[in-house]
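Only heavy atoms go into these numbers, but all of them, side chains included; no hydrogens, no water, no symmetry mates.
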Amino acid sequence: MIWKYRILNPENRRLLPPLRDLKNLWLAFDSGQNDLWIKFTDEAPGTEHRLRSIPFLSEWQEITRSKLAPLNGKVPTRNVPELNWIRISDHFHLKPISIRPAKPTLSKTPIRLRRSRSYQTPVALLCDLEDLRQWLDQALEIEFQHLKYALSSNGYALTLGPRMPPVRGRSFWKQGQLLIPSGFDFEFRLTARVAPETLRLKSGDMAIFDVSGRVEIIASGLFCPLTRQSVRHGELQWGLTGGVSS
């Protein structure tokens, strides 16, 4: 079995979903080189014909174990990259992880936050996905066990759990289903009691506030365990390759 490889611009990921029925097609994202890789074999007839509509940067074939040569070439010039390969059908079966805007509040009184005099232990961190990934690549697995995260399509990740990743970002403390910026509290204590009903939060949903009182709702199903693999899936899902300023 001979593997063939193609390198694509990540922007062309949008052209791949129609190919998700190909059982012999795999994807991987090289964040270091900002490349999207695909690999396939000739076992399934018609694969190369269907790939003709996908623009690619270069084309390779495996000559010897873990060695690549340009297509139709016989001299290996590079190694097969060590990437996190995922079958295309599995990749596009994943649901995008996102932070969704909340519905407009029905309350006539705007929600306001004020500086707090008491300390609340932070349990959530909103940070750049790329910063989080770099930390995960160096961290021990025990450091991110029991953490979960949700991903926004603009490149931010929200981690939630018993410990905070040592990554630059905005921290939050938790009051029921509400995430409040560290150092702040609601201007009126009653807010924390009525907000879940006012925002129509379902079981497991979280509402995250910024210092101005603006709120976004994160549905319970949008969180997934924080692992190196899940973050790479997130990068590939959205074609995120670089940091986003906070």
Non-hydrogen side-chain atoms of Leu113 and Pro181 separated by less than 4.5 Å: yes
Test item: Tyr149 and Cys224 side chains (from C-beta on) under 4.5 Å apart, heavy atoms: yes
Distance in Å, Lys174 NZ paired with Leu178 CG, rounded so as to fall on 0.5 Å steps: 9.0 Å
ILVMFWY network linking Leu71 to Trp3, side-chain heavy atoms under 4.5 angstrom: no
CD/Glu11: more than 12 non-hydrogen atoms of other groups inside 6.0 Å: no
Within 45° cone and under 6.0 Å: Arg78 NZ/CZ vs Trp60 ring: yes
Joint cluster assignment, Ile63 & Ile7, ILVMFWY side-chain distance < 4.5 Å: no
Residues Lys4, Glu48: salt bridge by 4.0 Å N-O rule: yes
Side-chain donor-acceptor contact under 3.5 Å, Gln134 with Gln138: no
Reported CD-to-CD1 distance for the pair Glu216 and Ile218, which is rounded to 0.5 angstrom: 7.5 Å
Asp21 and Arg50 ion-paired at < 4.0 Å: yes
Residues, nucleotides or ligands: over 12 heavy atoms within 6.0 Å of Glu59 CD: yes
Over 12 non-hydrogen atoms of neighbours within 6.0 angstrom of CZ in Arg193: no
Any side-chain heavy-atom pair of Ile38 and Ile54 under 4.5 Å: no
Distance, nearest 0.5 Å, that separates CZ of Phe184 from CZ of Phe209: 14.0 Å
Flag side-chain contact, heavy atom, 4.5 Å: Pro10 against Phe29: yes
Side-chain touch Leu68/Pro76, heavy atoms, less than 4.5 angstrom: no
For Phe40, ring-ring contact (aromatic ring centres under 6.0 Å, His included) partners two or more places apart: none
Ile217/Leu199 under side-chain contact (heavy atoms from CB on, under 4.5 Å): CA gap, chis, key distance, verdict: CA-CA 8 Å; Ile217 294 176; Leu199 297 172; 4.2 Å; yes
Under 3.5 Å, which donor-acceptor pairs do the side chains of residues 117-125 form with other protein atoms, sequence neighbours left out?
{"from": "Ser118", "atom 1": "OG", "to": "Ser116", "atom 2": "OG", "distance (Å)": "3.3"}

